[in-house]
Amino acid sequence: MQFETTVEIDATPEDVWAVLVDVPRWPEWTDSMNEVGWLDGATARVGSRARIKQPGMPALTWTVTELADGQSFDWQTSSTGVRTVGTHTVTASGDGHSALTLGLRQSGPLAGLIGALTGSRTRRYVQMEADGLKQAAESRRASAAGGAS
């Protein structure tokens, strides 16, 4: 299974990135997350691990495998027969705006079955995360602009 979504955000890439890498606060802006936290006091860097609990799913530990600071990070998790890679990319789209692309790929011998069973929920959760991050980043920008007066 593979899914990807892109949203345009009325905020700078720096603001979007700041919200994106503040992983423990994700449940504040998306109902697709119950609990999220870096393990061992980590932050977003290659090798960092985060524990994520989502509604209707078991808690999983994700490990950051790639990081381009301020631009993108990938992380992955594995469970019996399935490896899942999550991608997060922020790009400038001109005049203080950004594009956020979130993706999810599953591979392995059980990926097809898991995709068939959970694909609809997975797509819904990824879209909820993109939409929630958009709202959080735009609120961050509005708060910063209000404070600059």
Side-chain angles (χ1 to χ4, degrees), residues 1-94 96-141:
M1 179 186 80
Q2 183 166 339
F3 179 70
E4 187 174 274
T5 189
T6 300
V7 294
E8 291 293 321
I9 302 177
D10 184 15
T12 65
E14 294 80 13
D15 282 333
V16 175
W17 183 256
V19 174
L20 179 62
V21 296
D22 192 0
V23 170
R25 296 187 73 178
W26 287 9
E28 294 175 18
W29 48 257
T30 182
D31 288 336
S32 68
M33 303 279 176
N34 290 337
E35 299 172 30
V36 182
W38 291 114
L39 299 176
D40 308 321
T43 58
R45 65 183 183 336
V46 172
S48 295
R49 296 177 310 128
R51 182 182 180 277
I52 297 178
K53 174 66 179 104
Q54 295 184 273
M57 299 175 71
L60 296 171
T61 299
W62 293 77
T63 303
V64 176
T65 55
E66 294 182 36
L67 173 71
D69 197 34
Q71 299 172 12
S72 65
F73 78 91
D74 294 356
W75 58 11
Q76 70 179 22
T77 190
S78 295
S79 55
T80 304
V82 181
R83 184 182 96 153
T84 304
V85 176
T87 60
H88 315 77
T89 305
V90 178
T91 54
S93 59
H97 291 78
S98 305
L100 169 71
T101 301
L102 300 180
L104 201 69
R105 291 188 313 274
Q106 291 181 319
S107 60
L110 296 179
L113 176 62
I114 297 300
L117 295 173
T118 64
S120 176
R121 176 177 49 200
T122 298
R123 286 180 176 82
R124 188 172 69 251
Y125 282 4
V126 172
Q127 192 63 54
M128 288 169 69
E129 292 155 19
D131 293 341
L133 196 146
K134 171 184 170 70
Q135 184 175 18
E138 289 176 350
S139 294
R140 176 186 170 94
R141 179 181 186 164

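Given the structure is predicted, the values throughout are model-derived calculations rather than measurements. Because only heavy atoms are used, hydrogens play no part in the values below, and waters and symmetry mates are left out as well, while side chains stay in.
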Peer 1: Can you tell if the side chain of Met128 reaches within under 4.5 Å of the side chain of Asp31, non-hydrogen atoms only?
Peer 2: yes
Peer 1: Not counting sequence neighbours, which residues clear side chain to side chain donor-acceptor pair (under 3.5 Å) with Ser48? List them please.
Peer 2: Arg45
Peer 1: Residues two or more places apart in sequence or in another chain: which of them pass side chain to side chain donor-acceptor pair (under 3.5 Å) with Glu14?
Peer 2: Thr12
Peer 1: Compare every heavy atom of Trp26 with every heavy atom of Val19, then report the nearest pair and how far apart it is.
Peer 2: O-NE1, 3.7 Å
Peer 1: Mind listing the side-chain donor-acceptor pairs of residues 77-87 below 3.5 Å, one per line with the distance, residues two or more places apart or on another chain?
Peer 2:
from	atom 1	to	atom 2	distance (Å)
Thr77	OG1	Thr61	O	2.8
Arg83	NH1	Gln76	OE1	3.2
Thr84	OG1	Gln106	NE2	3.3
Thr87	OG1	Gly103	N	3.2

Peer 1: Give me the atom names and distance for the closest heavy-atom approach of Gly119 to Met1.
Peer 2: CA-SD, 3.6 Å
Peer 1: For the residue pair Leu133 and Trp29, what are the closest heavy atoms and their distance?
Peer 2: N-CE3, 3.2 Å
Peer 1: Using side chain to side chain contact (heavy atoms under 4.5 Å, CB included) as the criterion, list what pairs up with Ala92, not counting sequence neighbours.
Peer 2: Pro13
Peer 1: What pairs of residues pass the side chain to side chain donor-acceptor pair (under 3.5 Å) test when at least one of them lies in residues 111-128, not counting sequence neighbours?
Peer 2: Thr5-Gln127, Gln127-Asp131
Peer 1: What heavy-atom pair brings Glu8 and Lys134 nearest, and what distance separates the two atoms?
Peer 2: O-NZ, 2.6 Å
Peer 1: Search all heavy atoms of Trp38 against all heavy atoms of Val21 and return the closest pair with its distance.
Peer 2: NE1-O, 4.0 Å
Peer 1: If the condition is ring-ring contact (aromatic ring centres under 6.0 Å, His included), which residues does Trp62 pass it with, not counting sequence neighbours?
Peer 2: Trp75
Peer 1: For Trp17, which residues count as a ring-ring contact (aromatic ring centres under 6.0 Å, His included) partner, sequence neighbours excluded?
Peer 2: none
Peer 1: My understanding is that only residues two or more places apart in sequence, or in another chain, count here; which of them pass side chain to side chain contact (heavy atoms under 4.5 Å, CB included) with Ala11?
Peer 2: Ile9, Asp15, Val16, Ala137, Arg141
Peer 1: With sequence neighbours excluded, what pairs up with Arg25 under the side chain to side chain donor-acceptor pair (under 3.5 Å) test?
Peer 2: Glu28
Peer 1: What is the distance from atom CG of Leu117 to atom CG of Leu110, rounded to the nearest 0.5 Å?
Peer 2: 10.0 Å
Peer 1: Please enumerate all residues that pass side chain to side chain contact (heavy atoms under 4.5 Å, CB included) together with Ala116, with sequence neighbours excluded.
Peer 2: none
Peer 1: Evaluate the side-chain proximity of Leu102 to His88: yes if any heavy-atom separation is below 4.5 Å, no if none is.
Peer 2: yes
Peer 1: In residues 49-60, what donor-acceptor pairs under 3.5 Å come from side-chain atoms, sequence neighbours left out?
Peer 2:
from	atom 1	to	atom 2	distance (Å)
Arg49	NH2	Asp40	OD2	2.8
Arg51	NH1	Glu35	OE1	3.4
Lys53	NZ	Met57	O	2.3
Gln54	NE2	Ser32	O	3.1
Gln54	NE2	Glu129	OE2	3.3

Peer 1: Can you list everything that forms a side chain to side chain contact (heavy atoms under 4.5 Å, CB included) with Thr6? Sequence neighbours excluded, please.
Peer 2: Ala99, Thr101
Peer 1: Minimum heavy-atom separation for His97 and Asp10, please, with both atom names.
Peer 2: NE2-OD1, 3.0 Å
Peer 1: Do other residues, nucleotides or ligands put more than 12 heavy atoms under 6.0 Å from the CG atom of Asn34?
Peer 2: yes
